[in-house]
There are 2 protein chains.
Amino acid sequence: MKKKINEKKERLKSFMKQKGFKSTKQRDIIANEFLKTGEHLTAEELYKRVSEGHKNIGFTTVYRTLKLLAESGLATERIFADHLTRYEPVSAEEHHDHLICLNCGAITEFENPKLERMQVKIASDFGFSIVDHKMEFYGYCRDCNKDA
Amino acid sequence: MKKKINEKKERLKSFMKQKGFKSTKQRDIIANEFLKTGEHLTAEELYKRVSEGHKNIGFTTVYRTLKLLAESGLATERIFADHLTRYEPVSAEEHHDHLICLNCGAITEFENPKLERMQVKIASDFGFSIVDHKMEFYGYCRDCNKDA
DNA sequence: AAGGAAATTGAAATTCAATTTCATTTAAGC
DNA sequence: GCTTAAATGAAATTGAATTTCAATTTCCTT
Ligand SMILES: [Mn+2]
Ligand SMILES: [Mn+2]
Ligand SMILES: [Zn+2]
Ligand SMILES: [Zn+2]
């Protein structure tokens with residue numbers, strides 16, 4: 001896992017160099033914390049985590065670093081039903097969708113090529129070419145179903 | 001079509017009576033304008049339309065009437081990629097999803113029972129019970145594909 | 001029809017996440 | 001080390017969504 005993070009940080013570094021951006025210790029700390037979580041975090045949440053160990057790093061820098069990570073292709077921006085902007089590390093290149101529990105908030109990821117193919121088919125029947133899509137299921141997760 | 005609108009307005013009226021809400025001329029005008037459009041409108045957009053004929057009706061009342069319509073089940077709230085809250089009249093009882101053109105902004109609606117069934121199936125494989133879902137396709141519509 | 005409680009209206013104020021500004025600090029090339 | 005362009009972070013701004021509140025209107029009861 002450590003390897004993967006370093007690999008990503010390399011990618012980020014080359015992206016920044018190519019874009020003429022500078023590498024700073026703040027960015028390094030923030031990117032590190034972000035990449036190791038693997039969760040769907042808001043800038044605020046990441047800021048809280050980062051500032052536990054580094055009280056001098058500002059929210060704005062965390063915010064901007066997340067945007068930078070998204071631009072460089074290392075993070076994806078996600079907005080679910082709470083309307084907050086969240087970021088998640090881009091794991092591989094693969095696309096996935098989300099099951100979101102209305103009770104405990106748990107987010108489960110899944111991918112289903114058959115479903116994706118069907119989507120493309122449906123769209124093309126309308127003469128519509130898909131660039132991107134958003135698919136989220138809201139309901140109750142296994143654990144919460146158990147409790148009810 | 002006129003019939004349908006009146007039918008809806010009846011539904012709204014009985015909902016309001018049941019809830020102890022009062023029927024006012026503002027609400028009547030706003031609901032009327034909204035129900036006859038059949039589009040995906042923001043409160044701001046509906047306000048503009050309404051105030052053309054009724055300069056004394058305030059934005060706040062339009063905003064609140066849309067919320068009321070949503071509560072009463074006559075409107076659905078939708079938020080697409082521009083992050084603006086839009087409302088659309090609930091046509092029948094049936095659910096539908098959206099194809100959104102990145103070029104001209106056209107919104108095409110579709111429903112596909114087979115796709116829906118597959119979604120339920122996928123979710124249940126995770127022990128997840130779906131209450132609601134969001135599915136939007138972003139890309140280029142037939143007309144815009146033609147031009148390119 | 002008049003009275004009065006309760007809801008509605010609409011302008012203005014507030015909220016709150018997202019974004020921008022700007023003075024100061026820092027990184028990287030020379 | 002010097003230069004300068006970028007980065008930082010606190011504070012200010014934005015803008016849609018929502019709330020507040022005094023004035024007005026609805027509608028139920030006499
Ligand atoms: Mn995810
Ligand atoms: Mn629709
Ligand atoms: Zn749950
Ligand atoms: Zn189009």
Side-chain angles (χ1 to χ4, degrees), chain A residues 9 12-34 40-72 75-87, chain B residues 9 12-34 40-72 75-87:
Chain A
K9 286 172 71 179
L12 178 60
K13 207 156 253 175
S14 73
F15 172 81
M16 292 203 297
K17 175 157 274 176
Q18 183 232 318
K19 285 275 187 178
F21 297 149
K22 291 172 180 172
S23 95
T24 67
K25 52 182 178 306
Q26 287 96 328
R27 280 174 174 168
D28 194 63
I29 290 162
I30 294 164
N32 215 50
E33 185 67 34
F34 173 69
H40 304 81
L41 296 176
T42 63
E44 196 62 48
E45 287 166 351
L46 182 58
Y47 167 65
K48 269 175 198 146
R49 291 196 192 201
V50 164
S51 47
E52 274 172 25
H54 303 271
K55 305 197 200 320
N56 50 316
I57 294 182
F59 166 79
T60 313
T61 302
V62 174
Y63 166 81
R64 283 189 284 225
T65 300
L66 283 171
K67 294 234 125 180
L68 186 68
L69 286 163
E71 272 184 74
S72 71
T76 306
E77 218 177 275
R78 302 275 188 190
I79 303 179
F80 301 123
D82 62 5
H83 305 162
L84 295 178
T85 302
R86 293 169 188 283
Y87 293 85
Chain B
K9 285 172 71 178
L12 178 60
K13 208 157 252 175
S14 73
F15 172 81
M16 292 203 297
K17 176 156 273 175
Q18 182 232 320
K19 286 275 188 178
F21 296 149
K22 291 170 181 174
S23 94
T24 68
K25 51 184 179 306
Q26 287 94 329
R27 280 176 175 166
D28 194 62
I29 291 163
I30 294 164
N32 215 51
E33 185 68 33
F34 173 68
H40 302 81
L41 297 176
T42 63
E44 198 61 50
E45 287 166 352
L46 183 57
Y47 167 65
K48 268 176 198 146
R49 291 196 190 202
V50 165
S51 48
E52 275 173 24
H54 304 270
K55 304 199 200 319
N56 49 318
I57 293 181
F59 166 80
T60 314
T61 302
V62 173
Y63 166 80
R64 282 188 286 223
T65 301
L66 283 171
K67 294 236 124 177
L68 186 67
L69 287 163
E71 271 183 74
S72 72
T76 307
E77 219 177 275
R78 302 276 187 189
I79 303 178
F80 301 123
D82 61 6
H83 304 162
L84 295 178
T85 302
R86 293 169 188 283
Y87 293 85

Evaluate the side-chain proximity of [Y] to [X]: yes if any heavy-atom separation is below 4.5 Å, no if none is.
{"X": "K67(B)", "Y": "Y87(B)", "value": "yes"}
{"X": "T65(A)", "Y": "Q26(A)", "value": "no"}
{"X": "I57(A)", "Y": "I29(A)", "value": "yes"}

Next item on the list: Tell me, please, which residues at least two apart from K19(B) pass side-chain contact (heavy atoms from CB on, under 4.5 Å).
Entry: F15(B), F21(B)

Checklist line | Residues which pass side-chain contact (heavy atoms from CB on, under 4.5 Å) with S14(B), listed by chain and number, not counting sequence neighbours | finding: none

Margin query: Please identify the 5'-most and 3'-most nucleotides of DNA chain D with any atom under 4.0 angstrom from a heavy atom of chain A.
Written below: dA5(D) to dA11(D)

Item checked: Nucleic acid contacts - residues 20-34 of chain A versus DNA chain C, non-hydrogen atoms under 4.0 Å -> K22(A), S23(A), K25(A)

Checklist line | Near-strand residues of residues 48-56 of chain A, defined as heavy-atom separation under 4.0 angstrom from DNA chain C | finding: none

Next item on the list: Mind calculating the distance between OH (Y47(B)) and P (dG10(C)) to the nearest angstrom?
Entry: 9 Å

Next item on the list: For a side-chain contact (heavy atoms from CB on, under 4.5 Å) with T61(B), tell me which candidate from L66(B), I30(B), N56(B), V50(B) qualifies.
Entry: I30(B)

Note to self: Keeping R86(B) on the side-chain end and H40(B) on the backbone end, is there a donor-acceptor pair under 3.5 Å?
What the structure shows: yes

Notebook entry, point to check: Heavy atoms under 4.0 Å, any strand shown: does T85(B) hit a base, just sugar-phosphate, or nothing?
Noted result: sugar-phosphate

Checklist line | Of residues 63-70 of chain B, the positions that come close to DNA chain D - non-hydrogen atoms, cut-off under 4.0 Å | finding: Y63(B), R64(B), K67(B)

